[in-house]
2 protein chains.
Amino acid sequence: MSDALVQDRVSDAPDYTPRQSAVLEEALRLLVEGGDRALTTAAIARAANCSKESLYKWFGDRDDLLAAMVSWQAAKVRVRTSSDMPADGADFRQRLEEFASDLLTVLSGDVSLALNRLAIGQASRDDSRLGALVLKRGRDAIRQRASALLRSGLDRGHLEFTDIERAYRALYGLVVGDLHVRMLLGDEPTGADRDFRRHAQRAIAQFFRLYGTADPDGKPSGKNHNQH
Amino acid sequence: MSDALVQDRVSDAPDYTPRQSAVLEEALRLLVEGGDRALTTAAIARAANCSKESLYKWFGDRDDLLAAMVSWQAAKVRVRTSSDMPADGADFRQRLEEFASDLLTVLSGDVSLALNRLAIGQASRDDSRLGALVLKRGRDAIRQRASALLRSGLDRGHLEFTDIERAYRALYGLVVGDLHVRMLLGDEPTGADRDFRRHAQRAIAQFFRLYGTADPDGKPSGKNHNQH
DNA sequence: ACGGAACCGTACCGTACGGTACTCTATGCA
DNA sequence: TGCATAGAGTACCGTACGGTACGGTTCCGT
């Protein structure tokens, strides 16, 4: 699946006209402010100053429009895949902390929460592609970035693991915990949870205690018990 | 919030008549099989062989009926809070593994997923209590059980931590990872993820590397770096 | 200046759902 | 036996939404 990265980037990201982008932007605003109930075709047309007929001409179905919203938002959020690889151990650790902090920031964003709620709410409908779309454009993109980072840490000897999937899952779990689902259910994170940088640092520290090598500059320590 | 446990147990668990319970059961079946679209008052009445008028008389509003479904399911799932506390370190570890395995089993259950989807889908509506209800009756109940376990491990010297909230969050994260949200979005866990017992064991092993004392029979080792 | 395409605003249609009212049956009680 | 209450089944109402059709306006190419 990773060998089709470039093709995905091109074929899956339809470029919308400025007008269409504006419409999608208004639709996202409506969704964030009023939830799925506010996201009627009439309301979108009104908010975007266009006619319903144009909506159907530009995006096809209503479901197609929802899908376009996901694609559009995913394209906007697409993180800068920092081209340069981390230099030393301290740098690598900081990269991980940045990733963790970014992850928390993205997941707790208004638009992300609203879109995830929408997709989850429709996940039961068998004809809905929204869930799969969010998984692909959202979570898998995040996993790609994390996996690249983890692999680089492995190659440089900052990390030790055999199964990158397990390492990623632990990383994600330590960083996010149940915060995401709580927020999806409408829980507002309380004071301590709002300090993403601090929490990211703690989570990464724990991650290093599980998968890190003792030496901050590389050279596996052999102390790691993750394989058996 | 923990000092009101018994009161909560009593006042928040309305006991439904057998007839009402049967209706709620049918409603849950409908929800699982057809999603929220299938959960119309007419469909519920038809499935439960009762009249819509009776539905409104028994449960009030439609939202009240949804809330009743959550309460009913939560009461059914209410875990046996194993009265006896773990004996030695091995026993304690097994208790944690059981908790982790149970957690994964519950979260991946049909009804749990359907109800969480329903509540999340409505979390944007400002007048919906479903999200808060699921948080309280579902997740907080789980956290209570885990917290009791963690505290017992701390008291007996199997674990070391200062902030039980952080310890719980790490535990939850290591066990669940992003599996729950993936499933909520409609992703079917692939082969390896289905083996909950194995995964639970691995997660607990990692948790012990973060919060466990070296000695399996107690006595803090001082090797734990979780506080600062 | 003319013709046409794009498109906004609105009206319209069919349908589906939440909620209510009404009729008819059965069961319990005096 | 007569009566009352509960409840099933159904018809009904208002509303809201997805989707389509139509008139009017603006803008562009010729």
Side-chain angles (χ1 to χ4, degrees), chain A residues 14-70 114 117-119 121-122 124-130, chain B residues 14-70 114 117-119 121-122 124-130:
Chain A
D15 17 49
Y16 304 101
T17 70
R19 188 78 179 93
Q20 290 169 350
S21 306
V23 170
L24 294 176
E25 209 61 50
E26 284 301 315
L28 284 176
R29 198 178 53 79
L30 275 181
L31 176 63
V32 168
E33 290 182 359
D36 59 323
R37 303 289 292 224
L39 206 62
T40 68
T41 53
I44 297 174
R46 198 181 325 120
N49 288 323
C50 72
S51 69
K52 287 171 65 176
E53 201 170 13
S54 302
L55 287 185
Y56 288 100
K57 174 182 293 185
W58 293 336
F59 300 101
D61 215 343
R62 179 177 183 264
D63 284 346
D64 294 333
L65 196 149
L66 300 187
M69 289 169 63
V70 172
R117 288 200 186 107
L118 187 65
Q122 304 209 338
S124 50
R125 320 225 228 290
D126 44 352
D127 63 334
S128 176
R129 310 154 296 155
L130 266 194
Chain B
D15 17 50
Y16 303 102
T17 70
R19 187 78 177 93
Q20 290 169 351
S21 305
V23 170
L24 293 176
E25 210 61 50
E26 284 301 315
L28 284 175
R29 198 178 53 77
L30 274 181
L31 176 64
V32 168
E33 291 181 359
D36 58 324
R37 303 290 292 226
L39 205 62
T40 68
T41 53
I44 296 173
R46 199 181 323 120
N49 286 324
C50 71
S51 68
K52 286 170 65 176
E53 201 170 14
S54 301
L55 287 185
Y56 287 100
K57 175 181 294 185
W58 293 336
F59 300 101
D61 214 345
R62 178 176 182 264
D63 284 347
D64 294 334
L65 194 149
L66 300 186
M69 289 169 64
V70 172
R117 287 198 186 108
L118 187 65
Q122 304 208 338
S124 50
R125 318 224 229 295
D126 44 352
D127 63 334
S128 176
R129 310 154 296 157
L130 266 194

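Since the model is a prediction, treat every value here as computed from it, not as a measurement.
Separating the OH atom of Tyr56(B) from the C1' atom of dG7(D) is a distance of 16 Å, rounded to the nearest angstrom. In this entry the distance linking CZ of Phe59(A) with P of dG18(D) reads 15 Å, nearest Å. The distance between atom NZ of Lys57(A) and atom C1' of dC7(C), rounded to the nearest whole Å, is 7 Å. Rounded to whole Å, the distance from CG on Leu55(A) to P on dA6(C) is 16 Å. A straight line from CD of Glu26(A) to C1' of dC8(C) spans 16 Å, rounded to a whole angstrom. What separates CZ of Arg46(B) from C1' of dA16(C) is a distance of 12 Å, to the nearest Å. At whole-Å resolution of the value, CG in Asp36(B) and P in dC17(C) are 11 Å apart. Regarding Ile44(B), its CD1 atom lies at a distance of 18 Å from the P atom of dA16(C), rounded to whole Å.
Heavy atoms from other residues, nucleotides or ligands lying under 6.0 Å from CZ of Arg37(B) number 12 at most.
Taking side-chain N and O atoms only, Arg19(A) has a distance below 4.0 Å to OP1 or OP2 of dC8(C). Contact annotation: Ser51(A) does not reach the phosphate of dC7(C) (side-chain N/O to OP1 or OP2, under 4.0 Å). Considering only side-chain N and O atoms, Ser54(B) lies under 4.0 angstrom from the phosphate OP1 or OP2 of dA8(D). At the phosphate of dA6(D), neither OP1 nor OP2 sits under 4.0 Å from any side-chain N or O atom of Trp58(B).
A distance of 9.5 Å separates CG of Leu66(A) from CG of Asp36(A), quoted to the nearest 0.5 Å. Here the OG1 atom belonging to Thr40(B) is positioned 6.5 Å from the CZ atom belonging to Arg46(B), to the nearest 0.5 angstrom. Separating the CD atom in Glu26(A) from the CG atom in Asn49(A) is a distance of 8.0 Å, to the nearest 0.5 Å.
Salt bridge annotation for Glu33(B)-Arg29(B): present, with a cationic side-chain nitrogen under 4.0 angstrom from a carboxylate oxygen.
Candidate nucleotides dG9(D), dG19(D), dG18(C) were compared by shortest atom distance to the side chain of Lys52(A), and dG19(D) ranks first. Taking only side-chain atoms of Glu53(B), from C-beta outward, the nucleotide of dG19(C), dG9(C), dG9(D) with the closest atom is dG9(D). Distances were taken from every side-chain heavy atom of Asp61(B) (C-beta onward) to each of dG19(C), dC22(C), dG7(D); the shortest belongs to dG19(C). The side chain of Asn49(B) lies closest to dG9(D) when the candidates are dG9(D), dC22(D), dG18(D).
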